[in-house]
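First the structure, in the form of structure tokens, and then the observations on it.
Lettering of chains follows the sequences in order, A, B, ..., and the numbering in each one begins at 1. Treat the numbers as computed from the prediction; the structure is a model and nothing was measured.
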Number of protein chains: 2
Amino acid sequence: MSEAKKTEKNRNFVTALARGLEILRAFEPGHTMLGNQELAERTGLPRPTISRLTYTLTELGYLSYNARLGKYQPAAGVLALGYACLASFGVRQVARPLMQELARDLDVAVALGTRDRLQMIYLENCQGQGALTLRLDVGSRIPLATTAMGRALLAAVPDEERSYLLDRLRRHHKDDWERVREGIEKAVEDYRMQGYVSSRGDWSHDVNSVGVPLVLPDSTVVAFNCGGPSFLLSQQRLDEELGPRLRTMVSDVRNILAHV
Amino acid sequence: MSEAKKTEKNRNFVTALARGLEILRAFEPGHTMLGNQELAERTGLPRPTISRLTYTLTELGYLSYNARLGKYQPAAGVLALGYACLASFGVRQVARPLMQELARDLDVAVALGTRDRLQMIYLENCQGQGALTLRLDVGSRIPLATTAMGRALLAAVPDEERSYLLDRLRRHHKDDWERVREGIEKAVEDYRMQGYVSSRGDWSHDVNSVGVPLVLPDSTVVAFNCGGPSFLLSQQRLDEELGPRLRTMVSDVRNILAHV
DNA sequence: GAATACTGTTCCGCTATGCGAACAAGCAGT
DNA sequence: ACTGCTTGTTCGCATAGCGGAACAGTATTC
């Protein structure tokens, strides 16, 4: 059941808006060209509804229509929607130079993100010279439960929110929930004991990374990760170099924010 | 009259969706925290309508509500909307290394963008070491008529689209239309004669830049600019270095795309 | 402390939108 | 060329959304 249906019975909830946004979310890298029928399949909405919503989004500049293929793709207008969001995360400006320095020093990728539903959304990404990792743009989505960044956030949110998220994650990860739950529990424990969490081949089998959360002054929780391909980043390097260095960097970010 | 009202009478146009998106667009850097009343003023919509739409956007994770201030701000979910858009501009991956190299060589900012309504939206931005310019993120909006990037696009679009845009720009720039029109006409002429356009203090009084358009294989028009603070970038440097170098870089991008 | 102003929410009658069914257009297979 | 399938659009009735008026809560002014 999509998010749009969850609160549909609430008289204040505007279903048309929710559905239009679900259409925009249906596009993803690897699927940037979709027809009305494909959108109907991906969203579960009837084709007449899709037809009207895609027409509206195209008129407004959020989708463009490729007449030759009979398909839609996101247009530049959707980028403008997110820009103010980035501007409201002041932590980005503070963190960016420190992230870039760490990325260069260790020749890894260092990213900052926050949670959206059951995923982490990249707010910033800095990369070392080697550039061996897939470069994920701002706006990229990665899983909450199996990545270092996601696990770091789960370790830092209030207990009530974590319980709520664990419940939703259990329903989301039906088949391998035991393994996912153990990874999260270990992360909460790791964070308590050593101040950082890790994902060692849990998300992508050849990616290792560590994560550290940060609770902002307004109580928003963000998280950093630092990692790369597992053939370059041994377990030892994670524990003796990346973890401690990231923890120190996040501590520096926190200190700078406290004096703004 | 907002875009949402333009096509409101069309039975296929979904007004609720259009209005919800107008709310998201109302947030901008410098105005990332807005209350329902402020949103009503900025969009021209009645307060009950705003109340329902902001409630819906908050439920879905596109806005978050700051109870202490009684205001809304964009949440991370809006970033996810735009990510597929970036992924569909393959030109970014092709152009980025060449842009980064040029930015480093000349110690300037080199950006790529495309049009959304009467603005250019940044798709990519690379910066030299000096970092003296305000770093504009992907998603940033700059004017169409007074920037090098915007003028480059106007110089390259089909005549019919340019006429349409000039008409809308005339209504948008009521008071200084003569000056704006002259800048656009000069840009079209410059592009024809020398392959690049310029903006010398026309957008921001202390920013000079040059621009070169690129028509992609699917006929989408994008544009590059290259520039920085005017005290570093003399007229001579624009014409003898930046313009020619940017034109060559864009030519290289075009050649690479032709062989993909 | 009272009055006023401002902002946000609720109500309800009217208008807009949703969607199953039907239809239309284009494509694939024979 | 014909038939069947797939995809997209149109129609009409039922339901959702809109917005003026009213109400509620909070802040400001006197």
Completion exercise
Looking only at heavy atoms, the pair that brings A:A223 and A:M120 closest together is CB-CE, 4.2 Å
Problem - Nearest-Å distance for atom pair NZ/C1', residues A:K71 and D:dT6 - result: 12 Å
Exercise for the section: Would you mind telling me which of D:dG8, D:dG19, C:dG18 lies closest to the side-chain atoms of B:R52? Expected result: D:dG19
Exercise for the section: Give the ring-plane orientation class for A:Y55 versus B:F13, where under 30° counts as parallel, over 60° as perpendicular and anything between as tilted. Expected result: perpendicular
Practice task
Tell me whether the OP1 or OP2 atom of D:dG8 has a side-chain N or O from A:S51 closer than 4.0 Å.
Solution key: no
Practice task
Measure distances between side-chain N and O atoms of A:R47 and base N and O atoms of D:dG8, and say whether any donor-acceptor pair falls under 3.5 Å.
Solution key: yes
Exercise for the section: Return the nearest nucleotide to the side chain of A:N12; candidates are C:dT10, C:dG20, D:dC18. Expected result: C:dT10
Handout entry: Distance-only donor-acceptor check, side chains A:N66 and A:S64, under 3.5 Å
Key = no
Exercise for the section: Tell me whether the OP1 or OP2 atom of C:dC19 has a side-chain N or O from A:T49 closer than 4.0 Å. Expected result: yes
Exercise for the section: May I ask you to say whether B:R181 pairs ionically with B:E178, meaning some side-chain N is under 4.0 Å from a carboxylate O? Expected result: yes
Exercise for the section: Between B:N36 and A:A16, just flag the one whose closest nucleotide in DNA chain C comes earlier from the 5' side. Expected result: B:N36
Handout entry: Five-pair end axes of the helix from C:dG1-D:dC30 to C:dT30-D:dA1, angle between them (10°)
Key = 40°
Handout entry: A:G61 versus B:D116, closest heavy-atom pair with distance
Key = O-OD1, 3.9 Å
Problem - Spacing between B:Q37 atom CD and D:dA24 atom P, to the nearest angstrom - result: 20 Å
Problem - Value in whole Å for how far the C1' atom of C:dT17 lies from CG of B:L53 - result: 14 Å
Practice task
Just call it for A:P48: base, sugar-phosphate, or nothing, with non-hydrogen atoms closer than 4.0 Å on any strand.
Solution key: base
Handout entry: Which residue lies more 5' along DNA chain D, comparing A:L17 with A:E41 via nearest heavy atoms
Key = A:E41
Problem - Integer-rounded Å distance: D:dC11 P and B:R11 CZ - result: 10 Å
Handout entry: Check: A:T56 side chain, B:V14 main-chain N or O, donor-acceptor pair, under 3.5 Å
Key = yes
Exercise for the section: Scan side-chain atoms only and decide if B:N12 and A:S51 contain a donor-acceptor pair under the 3.5 Å cut-off. Expected result: no
Exercise for the section: Using modelled atom types only, decide if a donor and an acceptor are shared between the side chain of B:R162 and the backbone of B:L153 within a distance under 3.5 Å. Expected result: no
Exercise for the section: Grab the CD-C1' distance between A:E38 and D:dT6 for me, whole Å please. Expected result: 12 Å
Handout entry: Distance, rounded to the nearest Å, where B:Y72 contributes OH and C:dT7 contributes C1'
Key = 12 Å
Exercise for the section: Send over the distance from A:L69 CG to D:dT7 P, rounded to a whole Å. Expected result: 15 Å
Exercise for the section: Could you tell me whether the side chain of A:R19 has a donor or acceptor atom within less than 3.5 Å of a complementary atom in the base of D:dG17? Expected result: no
Exercise for the section: Using only side-chain N and O atoms of A:T15, determine if any of them is under 4.0 Å from OP1 or OP2 of D:dG17. Expected result: yes
Exercise for the section: Using atom CZ of A:F13 as one end and atom P of C:dT10 as the other, report the distance to the nearest whole Å. Expected result: 16 Å
